[in-house]
Number of protein chains: 2
Amino acid sequence: MSQPLKFYFDFLNQSSRALYILLEASKIPFEAIPISMLKGEHLTGEFRDNVNRFRKLPAITDHGYQLSENVAIFRHLAREKLVPEHWYPRRHLGRSRIDEYLAWQQTNMGVATTEYFQQKWLVPYLQKTRPADNAVNLASKQLEHTLNEFEQLFLNSRKFMMGDNISYADLSAICEIDQPKSIGYNAFQNRNKLARWYETVREELGPHYKEVLGEFEAKLKGSGSGQQQGVAQAVKQ
Amino acid sequence: MSQPLKFYFDFLNQSSRALYILLEASKIPFEAIPISMLKGEHLTGEFRDNVNRFRKLPAITDHGYQLSENVAIFRHLAREKLVPEHWYPRRHLGRSRIDEYLAWQQTNMGVATTEYFQQKWLVPYLQKTRPADNAVNLASKQLEHTLNEFEQLFLNSRKFMMGDNISYADLSAICEIDQPKSIGYNAFQNRNKLARWYETVREELGPHYKEVLGEFEAKLKGSGSGQQQGVAQAVKQ
């Protein structure tokens, strides 16, 4: 059945994975529409005119209302749908603290993980070359710095970033970290706090996360495209 | 009198100006605390420990609750204070559209205006040198591209970005554009739509905007620091 909420995504993109898991975990009815970034399906005039004028992923249309940008989509869902409170808690100004993290993520963590992923995997994949050592080293240094900042600024002695309950900050962050991690980067060396937090979040997210991560890693091996579409359709219809 | 909301800012920073004007225009009581970025006052251990662990501006403390990041502060004000509805309208999914713009701004417009400002003014000012032509040209090209995108993606035939009423998207965007404009960049050449929108927003914002822009431009001329502190204190106490 066609759903009023259509979600356009590619599991190669970390925000696509985070929002997909949020939609699933929140039991929000949606139609999952995989779009292949590697094939440039998000860059076509048809996609621009009918789905998203930014030509970016992830994107949604909600009763025909087109919306782009990860954090805007997240807040749209929190406002317009029934998203369980713990993902974006009102108590103790939790929403302000999550907003702060998401803004930080956008200009720090997201830039560093994306650059590393591009230099180490995407550019070599598209150009059929080996990764350029200089560019990878530079991206690697930036990522080191950002992960240190993340551990220092956002992790503490509590289970999750916002306290005893998992929030969208944790979900968004773990998907960011999987971007370099899934192509061999060791994020946990000398970062015990990060390693503990990662394991706790992974366990808490359960099967939704594992399924999506599996799809992502299958795509990295060049075998995920058909399977992804299959699972997404099977799960959502 | 000391206010529960303390706002730490430097008018050299575009988000500081946008939030200051929003606070003023919304008549939210706040204590204005100017911090000199040129003197590195936001980088001290005291600022980090007592005001903002990110060591960034703008920042607030609200009854002692510390918050960083422009967009997070904006949403905090919209949730916790009495901000007039038109700045962040619920109608017609206006909040989703404003969130979309603010996210776009953070990784596009904000990066381009900041880079241009740094290369053309800040780095030469701090290092007492002339601007590096190559770096300025590069930043200028990026800015051209971003302004074209802004005009194309966000401006239309209506008065303001969201329709007939001014919103925080307009306020935030005009402060971004003032960053290069106030140091001599012509943003309006071949951009009639942008020029019309800019003039409309400027008029609508009235004296709050003009006062803050005046302070910013005085600082650029090296004469603003004492004056800014004076006006801010006079206005807010």
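The sequence lines fix the lettering, A, B, ..., with proteins before strands; numbering per chain opens at 1. This is a predicted model, so every value here is computed, not measured.
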For atom [atom1] of [X], is the number of surrounding heavy atoms from other residues, nucleotides or ligands below 6.0 Å larger than 12?
{"X": "A/Asn134", "atom1": "CG", "result": "no"}
{"X": "A/Asp164", "atom1": "CG", "result": "no"}
{"X": "A/Lys193", "atom1": "NZ", "result": "yes"}
{"X": "A/Tyr65", "atom1": "OH", "result": "yes"}
{"X": "A/Arg158", "atom1": "CZ", "result": "yes"}
{"X": "A/Leu82", "atom1": "CG", "result": "no"}
{"X": "A/Phe188", "atom1": "CZ", "result": "yes"}

Any donor-acceptor pair under 3.5 Å from B/Gln106 side chain to A/Ala103 backbone: yes
With a 4.5 Å cut-off on heavy-atom pairs, point out which of A/Gln152, A/Arg90, A/Gln66 contacts chain B the most. A/Gln66
When A/Asn70, A/Val71, A/Thr107, A/Ile98 are compared by non-hydrogen pairs under 4.5 Å with chain B, the top option: A/Thr107
Let me know which of B/Glu69, B/Arg75, B/His76 forms a side-chain contact (heavy atoms from CB on, under 4.5 Å) with A/Asp99. B/Arg75
Just one of B/Glu80, B/Arg79, B/His63 clears the side-chain contact (heavy atoms from CB on, under 4.5 Å) bar with A/Leu93, so which one? B/Glu80
So that I can tick it off, tell me whether A/Arg53 and B/Glu100 are bridged by a salt bridge, with the cut-off set at under 4.0 angstrom between side-chain N and carboxylate O. yes
Quick check for you: to the nearest 0.5 Å, what is the distance between A/Arg97 atom CZ and B/Ser68 atom OG? 9.0 Å
With a 4.5 angstrom heavy-atom cut-off, which part of A/Glu149 approaches chain B: side chain, backbone, both or neither? neither
Please flag which part of A/His92 lies under 4.5 Å from any non-hydrogen atom of chain B: side chain, backbone, both or neither. backbone
Nearest non-hydrogen partners of B/Ala72 and A/Ser96, listed with the distance: CB-O, 4.1 Å
Aromatic ring proximity, centroids under 6.0 angstrom, A/Phe54 and B/Tyr101: no
